[in-house]
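Some notes on the structure that comes next.
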Number of protein chains: 2
Amino acid sequence: MLPSSTVENYLKAIYLGSSAAQTQPQRLLPMGQLASALGVAPGTATTMVKTLAESGLVKYEPYAGVALTAAGQKLAAMVVRRHRVIELFLVRVMGYGWDEVHDEAEQLEHVVSNRLIDRMDEMLGRPEVDPHGDPIPDARGVVKPQQAQSLLTCPLNTRVTITRVIDQDKSFLRFIESHHLKPGESIEVEERDAASDSVRVRGKDDQRVTIGTRAASKLLVQ
Amino acid sequence: MLPSSTVENYLKAIYLGSSAAQTQPQRLLPMGQLASALGVAPGTATTMVKTLAESGLVKYEPYAGVALTAAGQKLAAMVVRRHRVIELFLVRVMGYGWDEVHDEAEQLEHVVSNRLIDRMDEMLGRPEVDPHGDPIPDARGVVKPQQAQSLLTCPLNTRVTITRVIDQDKSFLRFIESHHLKPGESIEVEERDAASDSVRVRGKDDQRVTIGTRAASKLLVQ
DNA sequence: GCGGTAATTTTGATTAGTCAAAATGTGGAA
DNA sequence: TTCCACATTTTGACTAATCAAAATTACCGC
């Protein structure tokens with residue numbers, strides 16, 4: 001039986017929620033986090049997760065949290081793959097701005113056939129990342145591990161390239177774009193200041209930008 | 001409140017069902033026909049149509065049938081527009097065969113945004129018909145009336161051009177394609193024979209094909 | 001004008017997904 | 001160790017969409 005959009009959304013949220021601040025491997029995602037990621041009441045998430053557990057898609061530990069099984073992992077990876085291929089397709093082929101693709105992809109990811117995704121993927125040259133630099137799982141669900149350095153951890157006064165922006169908020173994305181901090185841009189972190197909770201960056205044409213620590217943590221570099 | 005996929009499907013079925021063998025204008029579609037077009041039980045259609053009537057999308061006459069109101073007409077036309085734009089996009093841009101597009105479009109039509117449809121429409125040059133020759137309603141929901149002559153009514157031994165194929169069945173479409181009877185092809189009807197219930201056609205390279213009356217009625221020409 | 005057949009509507013029940021609010025469990029602070 | 005705050009689960013109820021089967025209506029032929 002093919003999974004409903006709802007089931008796909010739960011699996012995706014667990015997938016993304018578990019890999020987010022992945023300190024330990026195999027960590028359990030607390031139900032509260034899952035519920036708020038999905039915008040549903042806590043009890044709703046509990047109920048749904050229990051039925052997912054019965055289908056063998058997740059492992060559920062009452063009062064502890066939830067994690068994907070191998071089967072759930074595979075399914076979730078396919079949803080994420082579809083989402084990210086679609087995002088890149090919308091930007092490259094359909095002329096969307098990178099801040100406009102998320103909602104559209106959110107809808108399309110549940111109805112697009114494997115065939116169409118593969119056509120897009122082929123047309124795009126089997127890309128490894130989407131417009132935000134998020135890695136695209138391959139057709140088997142495998143993601144290439146990318147080393148994670150953020151603006152908070154990379155060496156100072158050293159040229160680095162922005163590889164990924166971890167946030168889908170439209171206004172944040174527009175800010176990033178207007179200051180030439182999109183993936184692919186070359187920059188240098190000049191200074192980090194704990195007192196002012198900010199990071200100063202030298203970017204394109206030696207322009208300076210100062211951004212908050214929280215925002216800086218969302219920019220990954222290499 | 002935006003209509004669910006289910007509501008969209010009901011409206012579309014009424015739209016297509018009413019225009020099908022449109023003898024009288026404003027004719028009521030019988031509930032049985034609607035139910036079987038949607039593949040639901042008759043009682044289900046009755047229930048749903050009553051709620052559509054309460055929303056002002058259809059006019060419902062118990063025991064007689066159902067017709068779209070102006071509002072329902074508009075909504076239905078938009079669904080059909082999305083469907084047909086998507087079909088053409090899949091063929092022209094994504095390299096689909098014309099017999100492969102229906103199911104994919106059936107899913108996509110309910111989730112694609114107006115913006116994406118307009119991008120596709122623009123990319124395709126504001127087309128007036130889809131790959132089967134079905135007319136595409138414009139952004140206001142208006143369809144250009146096309147004069148309807150079928151292989152059963154057009155003059156004999158006169159060059160005509162196939163403009164439309166009214167059937168979504170895969171094997172029928174493949175048959176049509178393999179005998180060079182797709183929209184755009186130039187042909188001539190040589191003979192109609194009531195006894196054998198068939199029509200003989202001279203097509204590309206003077207090749208002859210004989211097809212049944214029922215099939216012939218689905219090929220429209222100009 | 002009277003039946004009977006076929007279409008239609010009603011009825012009662014089911015499934016998926018959801019919420020609000022009450023009940024319960026967990027883990028940290030004192 | 002005891003208790004409290006907070007996270008989590010349970011409960012009861014609701015909505016949309018569906019079906020099967022019983023009840024009803026329409027209309028055609030005689």
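Given the structure is predicted, the values throughout are model-derived calculations rather than measurements. Proteins get letters first, then strands, A, B, ... in listed order; numbering begins at 1 in each.
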What is the distance from [atom1] of [X] to [atom2] of [N], rounded to the nearest Å?
| X | N | atom1 | atom2 | result |
| --- | --- | --- | --- | --- |
| Y63(B) | dA6(C) | OH | C1' | 12 Å |
| E8(A) | dA16(C) | CD | P | 16 Å |
| L28(A) | dA7(D) | CG | P | 17 Å |
| E61(B) | dC27(D) | CD | C1' | 17 Å |
| H110(A) | dA16(C) | NE2 | P | 18 Å |
| M31(B) | dT18(D) | CE | C1' | 15 Å |

With a 4.5 Å cut-off on side-chain heavy atoms, are N9(A) and H110(A) touching? yes
When the nearest nucleotide of DNA chain C is assigned to S5(A) and to G43(B) on a heavy-atom basis, which residue is associated with the more 5' position? G43(B)
Main chain of L57(B), side chain of S55(B): is a donor-acceptor contact present, judged purely on distance under 3.5 Å? no
Using a strict heavy-atom distance below 4.0 Å, which residues from residues 46-55 of chain A are in contact with DNA chain C? M48(A)
Taken to the nearest 0.5 Å, the spacing of T44(A) OG1 from L38(A) CG works out to 10.0 Å
Between Y96(A) and R115(B), is there a cation-pi geometry (under 6.0 Å to ring centre, at most 45° from the normal)? yes
Does K50(B) make a cation-pi contact with Y60(B) (under 6.0 Å, within 45 degrees of the axis)? no
[N] phosphate, OP1 or OP2: any side-chain N/O from [X] under 4.0 angstrom?
| X | N | answer |
| --- | --- | --- |
| Y60(A) | dT8(D) | no |
| T44(A) | dG17(C) | no |
| Y10(B) | dT18(D) | yes |

L68(A) versus L11(A), closest heavy-atom pair with distance: CD2-CD2, 3.7 Å
Pick from V101(B), V91(B), D167(B): which one makes a side chain to side chain contact (heavy atoms under 4.5 Å, CB included) with H132(B)? V101(B)
At under 4.0 Å between heavy atoms, what does G32(B) touch on the DNA or RNA strands: base, sugar-phosphate, or nothing? sugar-phosphate
